[in-house]
Protein chains: 2
Amino acid sequence: MAESQEIVRAYGAAWLATDPGERRAHLEQAWADDGVYIDTNTRVEGREALAQLIEQTHAAFPGHIVELTSGALGFKGYLQFTWHMRQPDGEILLTGTDFARQGNDGRLVELIGFFGAPPPLDD
Amino acid sequence: MAESQEIVRAYGAAWLATDPGERRAHLEQAWADDGVYIDTNTRVEGREALAQLIEQTHAAFPGHIVELTSGALGFKGYLQFTWHMRQPDGEILLTGTDFARQGNDGRLVELIGFFGAPPPLDD
């Protein structure tokens with residue numbers, strides 16, 4: 001199984017890449033053919049659909065950067081890592097935590113993307 | 001579907017309960033019959049096995065408290081929340097983030113427990 005840090009680094013690089021060919025190369029390394037991406041707003045299946053989602057996100061948020069803010073915390077093929085979306089002026093628009101699973105070859109077969117952080121305890 | 005905050009609150013109460021009957025009552029509310037709990041150290045299937053795991057944890061860490069440190073962040077049946085294990089002297093021995101899924105009736109069918117936090121980015 002590919003090392004989880006490499007997989008997550010490649011996944012993060014796919015979100016940074018502005019060239020479609022480069023983005024697909026990173027996803028080839030990080031994402032299973034039929035991997036499923038789920039967040040609050042959307043659900044897409046397959047590497048090509050994820051490549052398109054990233055492209056659409058870049059188009060919808062011009063000048064914004066989605067970048068990892070941690071390495072991977074993982075065990076037994078389960079991974080967790082954090083990221084944020086940074087505005088052109090440097091302000092952080094959104095932070096999040098992604099939870100993912102690796103398939104047998106190490107590539108991600110499922111990713112659940114949480115926006116924000118868990119709320120405080122209510123008493 | 002039961003409200004995610006209630007489910008997570010009942011799950012947290014099960015970890016605090018020292019009476020086995022009370023613990024099972026909380027798990028009845030929070031945990032599916034065949035729910036699967038996975039962390040770095042163990043994997044248990046079913047509500048009764050989880051009740052025993054909690055009991056074993058209490059026995060192995062006398063005077064320690066496992067308690068929630070957040071409410072639930074959730075969407076579409078996916079949940080995330082944080083917790084810690086506190087020593088008798090008040091020091092925090094371990095922190096963690098749990099990722100879970102709700103079944104159709106809202107009870108948890110799977111929980112992946114991460115110990116610690118994702119590591120810093122390496123450059």
Side-chain angles (χ1 to χ4, degrees), chain A residues 3-13 15-16 36-45 65-84 86 92 94-102 108-123, chain B residues 3-13 15-16 36-45 65-84 86 92 94-102 108-123:
Chain A
E3 213 274 306
S4 58
Q5 301 300 342
E6 286 171 40
I7 294 287
V8 169
R9 208 177 290 125
Y11 177 77
W15 276 91
L16 287 173
V36 176
Y37 172 101
I38 300 169
D39 70 24
T40 308
N41 298 325
T42 193
R43 178 184 194 282
V44 297
E45 280 192 51
I65 303 282
V66 175
E67 60 190 353
L68 302 184
T69 51
S70 79
L73 175 65
F75 69 97
K76 299 176 189 165
Y78 300 102
L79 298 177
Q80 180 193 316
F81 55 92
T82 62
W83 54 270
H84 64 204
R86 187 160 45 80
I92 305 305
L94 185 65
T95 65
T97 303
D98 285 358
F99 170 85
R101 299 173 195 252
Q102 296 178 272
L108 305 181
V109 295
E110 186 183 50
L111 185 147
I112 314 295
F114 289 88
F115 294 174
L121 280 174
D122 57 339
D123 295 308
Chain B
E3 214 275 305
S4 59
Q5 301 298 344
E6 286 171 39
I7 294 287
V8 168
R9 208 174 292 124
Y11 177 77
W15 277 92
L16 287 173
V36 177
Y37 171 100
I38 300 169
D39 70 24
T40 308
N41 299 324
T42 193
R43 179 184 193 284
V44 298
E45 280 192 49
I65 302 280
V66 175
E67 61 190 351
L68 302 184
T69 51
S70 80
L73 175 65
F75 68 98
K76 298 176 189 165
Y78 300 104
L79 298 177
Q80 179 192 316
F81 56 92
T82 62
W83 54 270
H84 65 205
R86 187 160 44 83
I92 305 305
L94 184 64
T95 65
T97 303
D98 286 358
F99 170 85
R101 295 172 197 255
Q102 297 178 272
L108 304 181
V109 295
E110 186 183 49
L111 185 147
I112 315 294
F114 290 88
F115 294 176
L121 279 174
D122 59 339
D123 295 308

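As the structure is a prediction and not an experimental result, all values here were calculated from the model. Chain identifiers are assigned alphabetically (A, B, ...) following the order of the sequence lines, protein sequences preceding nucleic acid strands; residue numbering begins at 1 within each chain.
When all heavy atoms are compared, the tightest approach of B:Ala72 to A:Pro119 is O-CD, 3.3 Å. Taking each heavy atom of B:Arg9 and A:Asp122 in turn, the nearest pair found is NH2-OD2, 3.1 Å. Closest approach of B:Thr69 and A:Leu121 over heavy atoms only: C-CG, 3.9 Å. B:Pro118 and A:Gly71 make their closest contact through CB-O, 3.6 Å (heavy atoms, listed as atom of the first residue, atom of the second, distance).
The backbone N or O of A:Asp39 lies less than 3.5 Å from a partner atom in the side chain of B:Lys76, making a donor-acceptor pair.
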Working for ring-ring contact (aromatic ring centres under 6.0 Å, His included), residues B:Phe99 and A:Tyr78: CA-CA 10 Å; B:Phe99 170 85; A:Tyr78 300 102; 9.0 Å; no

Step by step, would you call B:Thr97 with A:Thr97 a side chain to side chain contact (heavy atoms under 4.5 Å, CB included)? CA-CA 10 Å; B:Thr97 303; A:Thr97 303; 5.8 Å; no

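Proximity to chain A (any heavy atom under 4.5 Å) is restricted, for B:Leu79, to the backbone atoms N, CA, C and O. Within the 4.5 angstrom heavy-atom criterion, only backbone atoms of B:Pro120 (N, CA, C, O) approach chain A.
Aromatic ring centres of B:Phe114 and A:Phe75 lie closer together than 6.0 Å.
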